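Just so we're clear, the structure is a prediction, and the values are computed from it rather than from any experiment. Whatever order the structure lists them in is the order used to number ligands and atoms, beginning at 1.
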Amino acid sequence: MVDMDTLVSLAKRRGFIFQSSEIYGGLGSCWDYGPLGVELKRNIRNLWWRDVVHLRRDVVGLEASILMHPTVWRASGHVERFTDPMVDCRACKRRFRADKLDEDPWTHYCPARKENKFEVPAREPCKHCGALRTLCPECGKGELTEPRQFNLMLKTFLGPVEDEAAVTYLRPETAQGMFVNFDNVLQATRRKLPFGIAQTGRSFRNEITPGNFIFRTREFEQMELEFFVNPHETVDGQPADEYWHEVWIQQRFGWYQKYGIRTENLRLREHGKEELAHYAKRCVDVEYRFAIGWSELEGIANRTDYDLRRHAEVSGKSLTYFDDERRTHVVPYVIEPAAGVDRSLLAFLTDAHHTEEVRGEKRVVLRFHPEIAPIKIAVLPLLKKREDIVARAWTIRDDLARRWVTVYDDTAAIGRLYRRQDEIGTPYCVTVDVQTVGDAAKGEVGDGKVTIRERDSMEQIRVPIGELGSVFGTLLGGGAWSAVAAGYPAQAPPGS
Ligand code: ATP
């Protein structure tokens with residue numbers, strides 16, 4: 001498994017992710033997505049949207065504003081309860097989440113040893129004196145204060161006067177946008193239960209201990225679905241909410257597998273009764289084996305009718321659905337798969353990262369699923385001094401770019417260019433060479449064919465330029481390389 005430092009450095013070097021405001025020393029836990037990161041992020045968001053909204057008959061989309069009426073957050077319970085327990089170190093003044101104190105290695109000054117400063121692995125006692133952590137895990141010296149509740153919502157003021165009346169919040173989740181628009185969407189679309197409203201967008205949390213790269217940040221992007229079901233119905237002998245909860249757990253687990261995350265790095269974790277949010281009937285997390293250990297990638301909760309009921313109570317507006325069959329108004333239950341774009345990106349990046357040896361040389365390759373890969377095709381001229389080769393390569397790139405994200409690169413020799421594309425996960429390279437264009441000076445006519453190289457196997461085939469559209473249509477539409485490659489002559493690798 002690749003470690004976090006390697007990922008952070010690759011992400012910066014190749015233009016996936018940069019520290020925010022780096023020239024001013026950076027802003028803690030804020031990150032900017034570079035040319036490759038923005039494509040990767042967009043792919044994740046678009047694939048989610050395609051699979052959760054477009055391909056389904058029972059889900060519609062929404063884009064609510066980030067700033068909402070402050071009463072939304074009182075009704076939802078966020079003002080009162082969206083808190084984490086925080087403790088301070090009396091010596092070094094650092095702050096920690098009380099419930100996460102023991103998740104990282106801790107600093108210990110061991111009384112049993114002379115050379116006595118140690119880093120002890122998370123949750124383990126000191127192997128010399130047997131002590132468990134009681135003091136500050138960072139400095140190893142300070143006592144910790146009693147936990148106190150810290151609200152995670154970021155406050156701001158709307159309008160020119162900064163007083164209490166102008167206080168509002170940057171949303172800490174996208175979900176409330178769907179609840180407050182439930183009736184609008186129902187009236188506008190005449191949907192029957194069950195149906196869902198989906199949204200992707202930025203959320204903000206003033207996390208006490210952000211960190212681990214983009215795993216926990218204060219500004220992040222969510223992909224959330226609120227799937228409304230009729231609590232009076234049963235499906236396959238089960239209450240509809242329980243049935244649909246199970247369906248969504250399986251769907252969401254399968255979604256990560258579908259886009260290439262290895263099953264052994266994914267697992268489901270059922271929340272214990274004591275950790276369930278006060279409104280939740282059941283919650284299951286999809287967890288990924290991150291470099292920091294198994295952690296939440298997505299939560300799938302049965303939020304019951306809590307949110308719609310609360311907003312109806314506080315707003316005085318009816319947020320019900322008329323059940324024709326039973327001739328009664330019902331408050332739907334809601335199943336919520338809530339995922340993070342950034343955290344998914346970190347999982348896709350971690351899982352794709354491989355280091356291998358090819359002919360005695362180290363090769364770093366991101367084995368992204370083709371639909372996740374930021375760049376699908378790189379067009380490379382074998383000789384950048386030959387104008388005809390360069391011109392043909394550019395024409396091919398411009399042509400392919402109309403359908404797929406395609407780049408042109410001639411800044412190094414072919415072997416180096418291949419390695420660079422491997423390192424950013426580009427599934428296919430197209431190479432234009434002398435054979436393609438011929439040599440006018442010598443009266444030689446080109447064969448109009450190019451080489452396609454596949455990232456993982458490094459195999460190469462020779463394909464007529466006119467067939468590139470259909471070949472990539474197959475390959476990037478889910479077709480297997482082996483099946484396509486079988487139809488074309490293999491090519492001896494120029495620089496493999
Ligand atoms: P955690 O326990 O890690 O704080 P959570 O249970 O509070 O997460 P949810 O409220 O269920 O998270 O949010 C849904 C998803 O949004 C999470 O699974 C995660 O992918 C993403 N997410 C939540 N908080 C953050 C954050 N601070 N930074 C990045 N992504 C986040």
Side-chain angles (χ1 to χ4, degrees), residues 4 17 20 27-31 33 37 41 44-45 48 52 73 76-78 81-86 96-101 103-104 150-154 169-179 198-226 245 248-249 252-253 255-256 261 266-272 274-280 282-290 292-303 306-307 334-350:
M4 204 66 104
I17 301 167
S20 161
L27 180 64
S29 103
C30 291
W31 300 92
Y33 288 85
K41 207 170 170 208
I44 294 169
R45 190 193 302 120
W48 184 90
V52 173
W73 307 109
S76 67
H78 282 81
R81 296 182 200 241
F82 195 59
T83 56
D84 276 337
M86 177 172 77
F96 305 92
R97 248 176 87 168
D99 57 335
K100 305 264 179 195
L101 268 174
E103 290 192 357
D104 292 315
F150 172 78
N151 195 295
L152 298 184
M153 283 201 294
L154 276 146
Y169 304 93
L170 300 185
R171 67 180 174 201
E173 60 176 32
T174 59
Q176 299 303 323
M178 276 81 98
F179 299 131
Q199 167 163 226
T200 68
R202 301 256 169 162
S203 294
F204 302 81
R205 296 182 188 177
N206 202 5
E207 301 276 4
I208 299 168
T209 38
N212 291 318
F213 196 24
I214 53 169
F215 179 84
R216 189 180 302 287
T217 52
R218 294 191 170 121
E219 172 180 349
F220 54 98
E221 191 172 335
Q222 291 187 303
M223 310 184 278
E224 294 196 295
L225 167 69
E226 307 304 324
H245 194 188
W248 278 109
I249 293 167
R252 296 304 306 146
F253 190 87
W255 190 82
Y256 294 102
I261 296 210
L266 286 170
R267 72 178 186 194
L268 292 174
R269 189 181 70 82
E270 184 87 35
H271 280 215
E274 69 298 340
E275 65 176 317
L276 278 182
H278 61 99
Y279 49 76
R282 186 184 169 209
C283 185
V284 173
D285 287 346
V286 178
E287 292 194 332
Y288 178 73
R289 200 203 305 253
F290 287 97
I292 50 171
W294 286 101
S295 307
E296 173 180 336
L297 183 54
E298 166 161 358
I300 304 141
N302 181 344
R303 292 177 77 126
Y306 172 80
D307 303 274
V334 67
I335 305 302
E336 177 193 80
V341 182
D342 317 76
R343 222 177 256 187
S344 301
L345 190 150
L346 184 60
F348 282 114
L349 195 61
T350 307

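Residue contact check for ligand 1: Gln222 places a non-hydrogen atom closer than 4.0 Å to it.
The protein heavy-atom contact nearest to atom 6 (O) of ligand 1 is Glu296 OE1, 3.1 Å. Counting only heavy atoms of the protein, atom 4 (O) of ligand 1 lies nearest to Arg216 NH1, 2.7 Å. The closest protein non-hydrogen atom to atom 28 (N) of ligand 1 is Thr217 N, 3.0 Å. The nearest protein atom to atom 22 (N) of ligand 1, hydrogens excluded, is given as Phe220 CE1, 3.5 Å; this is a heavy-atom distance. Shortest contact from atom 21 (C) of ligand 1 to any protein heavy atom: Gly340 CA, 3.8 Å. Among all non-hydrogen protein atoms, the one lying nearest atom 29 (C) of ligand 1 is Phe215 O, 3.2 Å.
A heavy-atom distance below 4.5 Å is not found between the side chains of Val341 and Trp48.
Using cut-offs of 30° and 60° on the angle between ring planes, the pair Phe290 and Tyr288 is perpendicular. The aromatic rings of Tyr306 and His278 sit perpendicular, their planes meeting at an angle over 60°, well past the 30° parallel limit.
Every atom of ligand 1 is numbered from 1 in the order shown, and the set under 4.0 Å from a heavy atom of Glu207 is 24 (N), 26 (C), 27 (N). Less than 4.0 angstrom separates some heavy atom of Leu297 from each of these atoms of ligand 1: 18 (O), 20 (O). Residue Ala338 has at least one heavy-atom neighbour below 4.0 Å for each of these atoms of ligand 1: 14 (C), 15 (C), 18 (O).
At a heavy-atom distance under 4.0 Å, only side-chain atoms of Arg205, from C-beta outward, approach ligand 1.
Smallest separation of non-hydrogen atoms from Met223 and Ser344: CE-OG, 3.9 Å. A pairwise comparison of heavy atoms in Ala339 and Arg252 identifies CB-NH2, 4.5 Å as the closest pair. Heavy-atom minimum distance, Pro172 versus Gln222: O-OE1, 4.1 Å.
Going from atom CD of Glu219 over to atom CD1 of Ile214 covers 13.0 Å, rounded to the nearest 0.5 Å.
A salt bridge links Arg269 and Glu275; the closest N-O separation between the charged side-chain nitrogens and carboxylate oxygens is under 4.0 Å.
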